[in-house]
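Presented below is the structure to which this report refers.
Positions are given from 1, in the same order as the sequence printed here. Just so you know, these numbers use all the heavy atoms, side chains as well, and skip hydrogens, waters and symmetry mates. Only a predicted model underlies this, so the values are computations on that prediction, with no experimental measurement involved.
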Amino acid sequence: MEKNKITVFCENNGQEYQIPTGSSLKEFKKIVFPMNHQNILGALVNNEVQDLHYEIYNPKYVNFIDVTTLDGYSVYLRSLIFVLYKAIRDLYPKKTLIVEYNLSNGLFCRLANKEFILSGERIEEIKKEMLRIIDHDYEITRTETPTEEAIKLFNRQGLKDKELLLSTRGKMFTSVYSIDGTCDYFYGTLAPSTGCLKVFDLKDYKDGMLLMLPDRDNPTQILPFVPQEKLFSTFSEFKRWGKISEVIQIGHLNQAIEHKHAGDMIKVSEALHEKKISQIADQIKKQKKVKVVLIAGPSSSGKTTFGKRLAIQLLVNGIKPVNLSLDNYFVNRENTPRDAKGEYDFETIDALDINTFNDNIMRLLRGEEVEIPKFSFETGQRFYDGETLKMSKNNVIIVEGIHGLNPKLTEYLPHESLFKIFISALTVISIDNHNIINPSDNRLIRRMVRDHKYRGYSALDTLKRWESVLSGEQKHITPYQEEADAMFNSALVYELGALKQQAVPLLEEVLVKYPEHSKATRLLKFFSYVQAVPTREIPRSEERRVGKECRSWGRWG
């Protein structure tokens, strides 16, 4: 090796390179991709995400990322939000941008100033300004700044939410990003310049706008708008509830913990949940023909616990629920469909015996006694053990499973007899006005803690499976969530503070040699914003069963 040069291994093409010590990733990418490097957004350096200004002084493994990768997509999204903020600040300097939540294949955003009507004409003006900023290809710079100075800087720009976040985080230095003199703070790295962000759209929607995003699989195209009216209503409802508990952002959560108001915050949050479950039970009561309640939602959304709490509220209404598991209706192993890799696909609805399920439900609705099938996961075969089920006048059947909202599951059943519920942890608390918390991160943290405590899995095991879990949800749950008659958000404003002490040690065990280290590092950074809820304030419950009756951190763990 030549003097003043170091060895860098590029994982994109499996080649080693000798490069000058101190070279930036921006310089290195041009060596690796001399003809096509404009779309590179950053890189994983020893399995940690770095921006392209990062300089290399020691031998490293480097994996360049673009919008087709999960990490690269996050970089693109954060950078695009920054461009949106700059465009609004340039056009309307006294208006406050708030990025609310993921919706309809985009991000729902609004301006906080109610007297300012965000018309279609103004949205088009903002879009044109974004395009100007992108076409100019401004460099996006990052500066490590003393936190006190960063707070003063953000205050001058009217970003008081940053002051609350940074003052409760307790770090001495803060990364400040800048585009042409406009500063902001983001949870994670950004693109090297605005010219990388050409694929987007801005769509007039409700009292705000949708920032439409590129398709990871076809990054030159924008994801299509998907109407999600019920999901929007659910988000809006829980935003109002956040105002009741006075916890809308992480800074508010930290303040409540610092000032020893966590107990009241938790009680209000739990009471609002119980009230919503009661309202759903009342809906079922009013629809007198309902005999089958289907509960569906993604992994770690709290389906089982919700079903138990709903059952109690139904009993209060004089309705006696009985449970029927979709797991009983798996087809025999030899009939299970296989995926593209030739492996058994247990996630597809075709892995269920839909005909037998519909036959059993129809017979139960007619008042017949039905012997319920069972399924052995050890042998992969159906069997019967003599257990029967018969419905009386005041019974309803509660069915829980990921396919509960899929019309194919219940295509032979009378529509008026069904009541469908979608449940998920739709996190409505945010980091600050420009940094949302992805609901899938909330569920990933839940699942990681649960898998470790009750299934013996490490955080690494859970992280390895997670992208496949998300892919399955996109196929089998998300397309049908608007079929629901009711939606329930199982997220609690305090739960991330409650989970911190359990999740952080697990994440710290994910070693740098694993590709999942980048996800673990990102989540550890996220937890650096969140103060832990004192254990004494957390309600204890024995409602949740994961293989055995357990005592957990809370109802939705």
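- A salt bridge links E495 with R446: the distance from a Lys NZ or Arg NE/NH1/NH2 to an Asp or Glu carboxylate oxygen falls below 4.0 Å.
- Checking each of R89, K86, R78, K162 against D184 for a side chain to side chain donor-acceptor pair (under 3.5 Å) leaves exactly one that passes, namely K162.
- Counted by atom type alone, T427 and N442 present one or more donor-acceptor pairs between their side chains at under 3.5 Å.
- When Y54, F33, F64 are each tested for a ring pair (Phe, Tyr, Trp, His ring centres under 6.0 Å) with F28, only one passes: F64.
- Outside the 6.0 Å centre-distance limit, the rings of F235 and F108 are not counted as a close aromatic pair.
- Closest non-hydrogen pair, N47 versus H517, comes out as O-CD2, 3.4 Å.
- Aromatic rings from Y480 and F422 are positioned such that their centres are separated by 6.0 Å or more.
- Annotation for K525: atom NZ counts as buried by contact number, over 12 foreign heavy atoms lying within 6.0 Å.
- Of the charged side-chain nitrogens involved, none lies within less than 4.0 Å of a carboxylate oxygen, so that K260 and E258 do not count as a salt-bridged pair.
- Ion pairing between a basic and an acidic side chain is recognised when a charged N comes within 4.0 Å of a carboxylate O; K171 and E148 show no such pairing.
- Taking every heavy atom of both residues into account, Y101 and S236 meet most closely at OH-OG, 3.7 Å.
- One N or O on the side chain of S79 and one on the backbone of V75 form a donor-acceptor pair closer than 3.5 Å.
- A salt bridge between R522 and E48 is absent, with no side-chain N of the basic residue lying under 4.0 Å from a carboxylate O of the acidic one.
- Ionic pairing of E125 and K128 is not present here: no N-O contact between side-chain nitrogen and carboxylate oxygen is shorter than 4.0 angstrom.
- For F82 and F186, the gap between ring centers is short of 6.0 Å.
- For Y205 and F232, the gap between ring centers is short of 6.0 Å.
- Salt bridge status for D207 with R110: absent, with no side-chain N to carboxylate O gap under 4.0 Å.
- Between K160 and E163, no side-chain nitrogen of the basic residue sits less than 4.0 Å from a carboxylate oxygen of the acidic one, so the salt-bridge criterion is not met.
- Salt bridge status for K239 with E100: present, with a side-chain N to carboxylate O gap under 4.0 Å.
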